[in-house]
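Comments concern the structure below.
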Amino acid sequence: FCTEAKDTKAVKQHKCTSCGEVIEVGEVYTKWTSFDDSAFTNKMHKECLDVHIDCAALDGMLEWEYTPYSYQRGSAE
């Protein structure tokens with residue numbers, strides 16, 4: 001189960017849970033909480049999230065999983 005993903009403007013630095021790079025103050029990122037055995041707050045650059053969504057769509061999946069901090073930063077095209 002996950003909460004709804006929401007775009008948020010960073011008021012302090014965060015670490016992207018996809019690529020591990022810094023989300024700078026003032027940068028817009030996407031945030032949601034996942035619930036499994038425990039709660040985990042996901043914070044991703046928009047382009048990192050887009051890569052995960054696009055890859056899942058190519059595989060015909062609506063839901064997807066990822067290993068935190070283990071991907072390259074997505075392209076901001």
Side-chain angles (χ1 to χ4, degrees):
F1 168 74
C2 296
T3 61
E4 182 179 344
K6 295 188 180 201
D7 289 343
T8 305
K9 186 181 276 192
V11 294
K12 65 178 188 175
Q13 281 189 345
H14 297 286
K15 184 186 264 191
C16 176
T17 55
S18 179
C19 70
E21 292 184 20
V22 172
I23 298 170
E24 298 289 351
V25 173
E27 189 174 357
V28 175
Y29 66 98
T30 305
K31 175 181 173 180
W32 73 97
T33 302
S34 302
F35 299 92
D36 197 5
D37 293 333
S38 61
F40 181 77
T41 301
N42 303 272
K43 298 172 184 172
M44 283 190 197
H45 297 107
K46 177 72 173 128
E47 60 269 22
C48 290
L49 177 59
D50 287 345
V51 169
H52 290 291
I53 291 170
D54 290 347
C55 287
L58 286 174
D59 290 336
M61 300 169 22
L62 295 176
E63 296 182 8
W64 50 275
E65 294 183 10
Y66 74 103
T67 303
Y69 312 112
S70 58
Y71 300 89
Q72 290 185 351
R73 186 167 180 175
S75 174
E77 295 178 26

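Below, each value reflects all heavy atoms present in this structure, side chains not excepted, and no hydrogens, waters or symmetry copies.
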Minimum side-chain heavy-atom gap Lys9-Glu27 below 4.5 Å: no
Would one find more than 12 heavy atoms of other residues, nucleotides or ligands at under 6.0 Å from atom CD of Glu24? yes
How far does CD of Glu65 sit from OG of Ser34, to the nearest 0.5 angstrom? 9.5 Å
Shortest non-hydrogen contact from Gly20 to Tyr69? CA-CD2, 3.8 Å
In chain order, what residues pass the side-chain contact (heavy atoms from CB on, under 4.5 Å) check against Lys46, with sequence neighbours excluded? Thr30, Asp50
Atom NE2 in His45, atom CD in Glu21: separation rounded to 0.5 Å? 6.0 Å
Are Val22 and Tyr71 grouped together when hydrophobic residues (ILVMFWY) are joined by side-chain heavy atoms under 4.5 angstrom apart? no
Thr17 side chain to Lys43 backbone, donor-acceptor under 3.5 Å: yes
Return the set of residues passing side-chain contact (heavy atoms from CB on, under 4.5 Å) with Ala10 (not counting sequence neighbours), or none when no residue passes. His14, Ile23, Tyr29
Under the side-chain contact (heavy atoms from CB on, under 4.5 Å) test, residues paired with Thr33 that sit two or more places apart: Thr3, Phe35, Ala39, Thr41
Is the shortest heavy-atom distance from the side chain of Tyr66 to the side chain of Met44 under 4.5 Å? yes
Is any side-chain heavy atom of Arg73 closer than 4.5 Å to a side-chain heavy atom of Cys16? no
